[in-house]
Engineer: 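One structure, as structure tokens, below. Some questions next.
All values reported here derive from a predicted model rather than from experimental measurement.
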Amino acid sequence: MIYGRSLFHIIASLIILHSSGATKKGTEKQITSETQKSVQCGTWTKHADGGVFTSPNYPSKYPPDRECVYIIEAAPRQCIELYFDEKYSIEPSWECKFDHIEVRDGPFGFSPIIGRFCGQQNPPVIKSSGRFLWIKFFADGELESMGFSARYNFTPDPDFKDLGVLKPLPACEFEMGGPEGIVESIQILKEGKASASEAVDCKWYIRAPPRSKIYLRFLDYEMQNSNECKRNFVAVYDGSSSVEDLKAKFCSTVANDVMLRTGLGVIRMWADEGSRNSRFQMLFTSFQEPPCEGNTFFCHSNMCINNTLVCNGLQNCVYPWDENHCKDQTAS
């Protein structure tokens, strides 16, 4: 049952919704001033100098049936401060069960919640404990209001205040591909990307052949400061290097193999100045799903790998089917 709405208002709302092309994952951009534009309804953003985002149509009423998720990322060893403009109004409700803003301390919808906000009083200044904030704006089908404008900037992470002014991080990226390959931290030094004493934030982009996916298996792994993710970690992304595609992140004493759903894998290693003894070595294998073609080997784990990888001394399958009978073949 809809309260306080005439049939005329319902029809008018539907016309506005249709004409604006509004969806729960809309992509419209709104101008908040002559020099500032809001980001899209639902984006991942990491502008170095901070920025502004708003609810759709702000300062006019936001449309109904809208869900926008904004993920803000700071650089390593920085935190985020989030401010909401005083011109703020979101449909009030008990415990903000209807229209609301939800803020979480991290990059995911399951990160620790900071607060849920609605009504006429703008939220207080919000500070993250690390590099990410996850913000969701939700509007149901009734009682739209002005919405919000939010501004964010970055501040030094207090956990690193004793380090003083930090040097810029060196550029550190690698491109790899083919049926298989070894990704390893020693490449940073070998290829002159950084000295042994510099903090690094390195990315390896692995591109599989067409119609292929990627299987990643750790051959070596050790974090110098285990369980301190702010200081060192190895992360795996599936499809891009954005946080939405983060597949796994390792900073403890154990790292597991990872099966990607796309043909683009990104391996990221962060190590601060006191964690440069952290290391890893990873084997990547490109594979296709069955039925296997003539030049491939069936791994018995929904994988078809290139025939050249059979009996090559490395386990490219999830289970060692590709290396099981190599001695028998050599003897014959």
Side-chain angles (χ1 to χ4, degrees), residues 107-108 172-191 193 200-224 226-227 229 232-271 275-290 292-293 295-324 326:
F108 304 112
C172 185
E173 291 189 352
F174 304 87
E175 292 280 346
M176 305 185 73
E180 71 162 5
I182 298 289
V183 178
E184 53 188 345
S185 52
I186 194 64
Q187 290 174 265
I188 300 170
L189 281 175
K190 281 183 175 179
E191 300 192 22
K193 299 292 187 181
V200 293
D201 188 11
C202 296
K203 294 187 179 111
W204 288 259
Y205 292 86
I206 305 168
R207 304 181 193 277
R211 299 182 292 110
S212 298
K213 300 179 180 180
I214 299 170
Y215 169 54
L216 299 166
R217 190 164 69 85
F218 280 92
L219 305 177
D220 184 33
Y221 165 85
E222 183 177 350
M223 293 292 100
Q224 182 175 353
S226 60
N227 298 310
C229 293
N232 51 186
F233 65 75
V234 174
V236 178
Y237 298 80
D238 190 357
S240 81
S241 60
S242 72
V243 70
E244 298 100 321
D245 292 323
L246 179 64
K247 183 82 170 182
K249 184 176 179 179
F250 307 104
C251 62
S252 63
T253 57
V254 177
N256 302 316
D257 300 349
V258 183
M259 189 76 72
L260 303 186
R261 58 176 177 77
T262 73
L264 172 61
V266 184
I267 313 303
R268 180 179 184 178
M269 180 181 181
W270 159 252
S275 305
R276 283 305 307 277
N277 287 331
S278 297
R279 68 179 193 273
F280 78 95
Q281 187 182 60
M282 184 185 295
L283 171 69
F284 75 82
T285 301
S286 300
F287 72 93
Q288 294 183 359
E289 294 181 344
C292 296
E293 298 175 353
N295 63 340
T296 60
F297 174 83
F298 180 44
C299 280
H300 296 271
S301 50
N302 213 34
M303 291 174 63
C304 305
I305 63 173
N306 194 292
N307 272 333
T308 61
L309 305 182
V310 179
C311 297
N312 67 347
L314 290 171
Q315 179 187 325
N316 295 95
C317 299
V318 175
Y319 303 104
W321 292 95
D322 53 317
E323 302 294 319
N324 270 353
C326 298

Engineer: Between R217 and T285, is the side chain to side chain contact (heavy atoms under 4.5 Å, CB included) condition met? List the steps.
Structural biologist: CA-CA 8 Å; R217 190 164 69 85; T285 301; over 6 Å; no

Engineer: Please name the pair of heavy atoms, one in Y205 and one in S241, separated by the smallest distance, quoted to 0.1 Å.
Structural biologist: OH-OG, 3.8 Å

Engineer: Out of curiosity, N302 CG to K213 NZ, how far, rounded to the nearest 0.5 Å?
Structural biologist: 8.0 Å

Engineer: Nearest 0.5 Å, please: how far is OG in S275 from CZ in F233?
Structural biologist: 11.0 Å

Engineer: Just list the side-chain donor-acceptor pairs under 3.5 Å for residues 179-187, sequence neighbours left out, or say none.
Structural biologist:
unit_1: E180; atom_1: OE1; unit_2: N312; atom_2: ND2; d: 3.4
unit_1: E180; atom_1: OE1; unit_2: N316; atom_2: ND2; d: 2.8
unit_1: E180; atom_1: OE2; unit_2: N312; atom_2: ND2; d: 3.4
unit_1: E184; atom_1: OE1; unit_2: Q281; atom_2: NE2; d: 2.9
unit_1: S185; atom_1: OG; unit_2: F280; atom_2: N; d: 3.1
unit_1: S185; atom_1: OG; unit_2: F280; atom_2: O; d: 3.4
unit_1: Q187; atom_1: OE1; unit_2: E184; atom_2: N; d: 2.9
unit_1: Q187; atom_1: OE1; unit_2: W204; atom_2: NE1; d: 3.0

Engineer: Is any side-chain heavy atom of N306 closer than 4.5 Å to a side-chain heavy atom of S286?
Structural biologist: no

Engineer: If you measure from the SG of C299 to the SG of C304, is it under 2.5 Å?
Structural biologist: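 C299 does not pair with C304 as a disulfide (SG atoms not under 2.5 Å apart), so no.
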
Engineer: Check D245 with R261, please: is the shortest side-chain N to carboxylate O separation under 4.0 Å?
Structural biologist: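 Result for this pair is yes, salt bridge flagged.
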
Engineer: Can you tell if the side chain of Q315 reaches within under 4.5 Å of the side chain of D322, non-hydrogen atoms only?
Structural biologist: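 Result yes, sub-4.5 Å side-chain heavy-atom pair found.
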
Engineer: Can you tell whether the side chains of K203 and E173 come within less than 4.0 Å, N to carboxylate O?
Structural biologist: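 Not counted as a salt bridge, because no side-chain N and carboxylate O are separated by less than 4.0 Å.
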
Engineer: Is atom CZ of F108 surrounded by more than 12 heavy atoms (other residues, nucleotides or ligands) closer than 6.0 Å?
Structural biologist: yes

Engineer: Less than 4.5 Å apart, any side-chain heavy atom of F218 and any of V234?
Structural biologist: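 Heavy-atom side-chain distance check passes, below 4.5 Å.
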
Engineer: Over 60° means perpendicular and under 30° means parallel, so tell me whether F298 and H300 are parallel, tilted or perpendicular.
Structural biologist: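 F298 vs H300 ring planes: tilted.
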
Engineer: Is W270 close to C251 at the side-chain level, that is, under 4.5 Å between some pair of heavy atoms?
Structural biologist: no

Engineer: Can you tell if the side chain of V318 reaches within under 4.5 Å of the side chain of F287, non-hydrogen atoms only?
Structural biologist: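 Contact flag for V318/F287 side chains = no.
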
Engineer: To check you understand the geometry: which heavy-atom pair defines the closest contact between R211 and Q288, and what is its length?
Structural biologist: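 Answer, listing the atom of R211 first, then Q288: O-CG, 3.5 Å.
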
Engineer: Evaluate side chain to side chain contact (heavy atoms under 4.5 Å, CB included) for V258 paired with D238, printing each intermediate quantity in order.
Structural biologist: CA-CA 10 Å; V258 183; D238 190 357; over 6 Å; no

